[in-house]
Amino acid sequence: MKVTQKDTYTILEDERDDVLKFASYLEHVVPEKYEDLNLVIDLLQYTELTLEQLVAFIKLSNYQRADKKSFVIVNTGIDYDVIPDEMMVVPTLQEAEDIIQMEEIERDLGF
């Protein structure tokens with residue numbers, strides 16, 4: 001896994017080619033090392049992401065959001081119409097950063 005630290009968030013990128021194993025791995029590693037951080041999960045290498053693969057991240061997404069932290073997945077290979085409402089998926093890293101900034105402002109304002 002490649003980790004890139006930014007000012008207000010951390011990018012976690014899969015360096016292998018098994019999205020389900022990556023999701024499983026993150027379920028164990030995030031609560032131990034990254035629970036206090038806003039996270040961007042870089043899945044751009046997966047050009048055809050299925051709903052089943054995406055939903056493998058839902059537990060982690062709910063965990064982070066319950067702790068008032070952002071959790072944004074970046075991928076262009078998913079049909080955006082099938083994404084569950086409780087998940088945030090965007091096509092670019094820039095959009096992920098924008099989402100995190102907006103969510104930070106909302107949290108600061110008490111929303």
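In what follows, every heavy atom counts, from backbone to side chain, and hydrogens, waters and symmetry copies are set aside.
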**Asked** Do Val72 and Val3 share a hydrophobic cluster, counting only Ile, Leu, Val, Met, Phe, Trp and Tyr and linking them when any side-chain heavy atoms are less than 4.5 Å apart?
**Response** no
**Item:** SB check Arg65 Glu103 (cutoff 4.0 Å)
**Value:** yes
**Asked** Under a 4.5 Å side-chain heavy-atom rule over Ile, Leu, Val, Met, Phe, Trp and Tyr, are Ile99 and Leu54 clustered together?
**Response** no
**Asked** Under a 4.5 Å side-chain heavy-atom rule over Ile, Leu, Val, Met, Phe, Trp and Tyr, are Phe71 and Val29 clustered together?
**Response** yes
**Request:** Scan residues 13-30 for pairs that pass side-chain hydrogen bond (donor to acceptor under 3.5 Å, both in side chains), counting only residues two or more places apart or in two chains.
**Result:** Asp14-Tyr46
**Message:** Between Lys69 and Ile100, is there a side-chain heavy-atom distance shorter than 4.5 Å?
**Reply:** no
**For Leu12 against Leu26, the heavy-atom pair lying closest together** = CD1-CD2, 3.8 Å
**Residues Tyr63 and Glu35: side-chain donor-acceptor under 3.5 angstrom** = yes
**Request:** Decide yes or no on side-chain contact (heavy atoms from CB on, under 4.5 Å) for Thr10 and Thr4, but give the supporting numbers first.
**Result:** CA-CA 6 Å; Thr10 300; Thr4 306; over 6 Å; no
**Prompt:** For the hydrophobic clusters of this structure (ILVMFWY residues joined by side-chain heavy atoms under 4.5 Å, transitively), does one cluster hold both Ile78 and Leu43?
**Reply:** yes
**Item:** Leu51 CG to Ile83 CD1 distance, which is reported to the nearest 0.5 Å
**Value:** 9.0 Å
**Message:** Could you report the tightest heavy-atom contact between Ser70 and Asn38, atom names first, then the distance?
**Reply:** N-OD1, 2.8 Å
**Side chain proximity check, Leu49 to Thr76, heavy atoms < 4.5 angstrom** = no
**Message:** Please determine whether residues Ile58 and Val40 belong to a single hydrophobic cluster, defined as Ile, Leu, Val, Met, Phe, Trp and Tyr linked transitively by side-chain heavy-atom distances below 4.5 Å.
**Reply:** no
Donor-acceptor pairs under 3.5 Å, side chain of residues 87-95 to any protein atom, not counting sequence neighbours: which ones?
unit_1 : atom_1 : unit_2 : atom_2 : d
Thr92  : OG1    : Glu95  : N      : 3.0
Thr92  : OG1    : Glu95  : OE2    : 3.3
Gln94  : NE2    : Asp98  : OD1    : 2.9

**Item:** More than 12 heavy atoms of other groups within 6.0 Å of Gln5 CD
**Value:** yes
**Polar side-chain atom of Gln53 near backbone of Thr50 as donor-acceptor pair, under 3.5 Å** = yes
**Asked** Roughly how far, to the nearest 0.5 Å, is the CG atom of Leu37 from the OH atom of Tyr9?
**Response** 12.5 Å
**Message:** Within this structure, what is the CD-NZ distance for the pair Glu104 and Lys68, rounded to the nearest 0.5 Å?
**Reply:** 12.0 Å
